[in-house]
Protein chains: 2
Amino acid sequence: MMYSIVETLKKNQLSITDSRKKILELFVRSKGALAHADIEHESGTEFDRVTIYRTLQTFVEKGIIHTIPTADNSVRYALCKDACAGGHHHDDHVHFMCDDCGTTYCLDNISVPKLSLPDGFTISQTDVVVSGKCRKCRS
Amino acid sequence: MMYSIVETLKKNQLSITDSRKKILELFVRSKGALAHADIEHESGTEFDRVTIYRTLQTFVEKGIIHTIPTADNSVRYALCKDACAGGHHHDDHVHFMCDDCGTTYCLDNISVPKLSLPDGFTISQTDVVVSGKCRKCRS
DNA sequence: TATGCCAATGCAACAATGTTGCAAAATATT
DNA sequence: AATATTTTGCAACATTGTTGCATTGGCATA
Ligand SMILES: [Mn+2]
Ligand SMILES: [Mn+2]
Ligand SMILES: [Zn+2]
Ligand SMILES: [Zn+2]
């Protein structure tokens, strides 16, 4: 199970730049999801805020990371699986956000349930976000 | 099926003010969920932005309205059912947001499915938000 | 109905988050 | 190495949300 930063960038026809390498590396090393602010902190003053915004946007478009809806309406990002290449996302798993520590997990093994909706509604995407206490924070 | 604005405010021990009456009335009349900006538009320059924020916050605390997580991380609010009084929310229904018109619906009849999570995770809340096309927007 | 207390509002100031245009710098292509 | 293309940093701006404080208005009580 290894992840090659440069390979991923090349595979997605992105030029290899410092910011892209460093930011993608952060995601690979990180356990949970990252918010824009996390990245800004971790990388110090190395990159401009705008660059981080644009890099995240590019990664989402390419299917390298996906956004995670959260109960508190903050924006978080996490690595996609291989299946998401080419701008098409297939992250049909449940997300969990800890009420205590705020860590956001991709529960890759828990897939989102199929729902039947009232007549006239067509489904393009289903997001399930669970809140509660994570392993570390239950006391 | 009628909804008394003043009754609701009294029941929740809130003093009857213009902003509270008008904003609650907007929710009662509205089909879908409302964002802060919607309310700001609808009510013109009648109320200060800050008043709207504080009113929404109060309504959420009292269990008069609930927030809706959306895939695009914008904050929306919708009326609660009676069961939510006293600050305890029981809005265990699925939410739907139309990709075209942006209207956000409470699907009160579709309840969120029970999930089993990995060991160590405890669930306090489950949010399901579905995107797609609504009745009006399917072509 | 008038008095007075307390809660709610408006205003100003600020913080956080996100977007855009453009020149300079870095990367890719030849 | 020279050139063409992309990406970056900066500045300026827009939007969203928060806080403190003086003023206003609602409500209870007399
Ligand atoms: Mn995920
Ligand atoms: Mn709802
Ligand atoms: Zn935790
Ligand atoms: Zn629609």
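Reminder, nothing fancy here: chain letters follow the sequence lines and each chain counts from 1. For clarity, every value in this text was computed on a predicted model and none was experimentally measured. Basis for what follows: all heavy atoms, side chains included, without hydrogens, waters or symmetry-related copies.
Shown here are the salt bridge (charged side-chain N to carboxylate O under 4.0 Å, His left out) partners of A:K22, two or more places apart in sequence or in another chain: A:E46. Residues passing the side-chain hydrogen bond (donor to acceptor under 3.5 Å, both in side chains) test with B:S74 are B:T70, B:D72, sequence neighbours excluded. When the side chain to side chain contact (heavy atoms under 4.5 Å, CB included) test is applied to A:A78, the partners found at least two apart in sequence or on another chain are A:A33, A:H66, A:I68, A:C106. For A:E25, the salt bridge (charged side-chain N to carboxylate O under 4.0 Å, His left out) partners are A:R29, not counting sequence neighbours.
With a 4.5 Å cut-off between side-chain heavy atoms of Ile, Leu, Val, Met, Phe, Trp and Tyr, the cluster of B:V112 takes in A:V94, A:F96, A:Y105, A:L107, A:I110, A:V112, A:L115, A:L117, A:F121, A:I123, A:V128, A:V130, B:V94, B:F96, B:Y105, B:L107, B:I110, B:L115, B:L117, B:F121, B:I123, B:V128, B:V130.
A straight line from CZ of B:F47 to P of C:dC11 spans 13 Å, rounded to a whole angstrom. For A:K22 and D:dT7, the NZ to P distance is 19 Å, given to the nearest whole Å. Across the protein-nucleic acid pair, B:L56 atom CG and D:dT16 atom P stand 13 Å apart, rounded to whole Å. A straight line from CD1 of A:I52 to P of D:dT8 spans 11 Å, rounded to a whole angstrom. Atom CG in A:L9 sits about 11 Å away from atom P in D:dT7, given to the nearest Å. Put simply, CD on B:E46 is 17 Å from C1' on C:dC11, counting in whole angstrom units. Atoms CD (B:Q13) and P (C:dA8) sit 11 Å apart, rounded to a whole Å. The nearest whole Å value for the distance from the CZ atom in B:R20 to the P atom in C:dA7 is 11 Å.
In the helix from C:dT1-D:dA30 to C:dT30-D:dA1, the rotation axis of the first five pairs and that of the last five pairs differ in direction by 30°, rounded to 10 degrees.
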How does each nucleotide of nucleotides 18-30 of chain D score, in 5' to 3' order, for protein heavy atoms under 4.0 Å: base (B), sugar-phosphate only (S), or none (-)? BBB-----SS---

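Within 4.0 Å (heavy atoms only), A:E40 reaches no atom of the nucleic acid at all.
Listed by first and then second residue, the salt bridge (Lys or Arg N to Asp or Glu O under 4.0 Å) pairs that reach into residues 88-108 of chain B are B:K81-B:D108, B:D100-B:K133, sequence neighbours excluded. The stretch residues 32-41 of chain B participates, sequence neighbours left out, in these side-chain hydrogen bond (donor to acceptor under 3.5 Å, both in side chains) pairs: B:H36-B:E40.
Along DNA chain C, the nucleotide nearest to B:T55 and the one nearest to A:H36 differ in position, and the one closer to the 5' end is contacted by B:T55.
Between the side chains of B:T55 and B:R20, not a single donor N or O lies within less than 3.5 Å of an accepting N or O.
Formation of a donor-acceptor pair under 3.5 Å by the A:D48 side chain with backbone atoms of A:V50 is found in this model.
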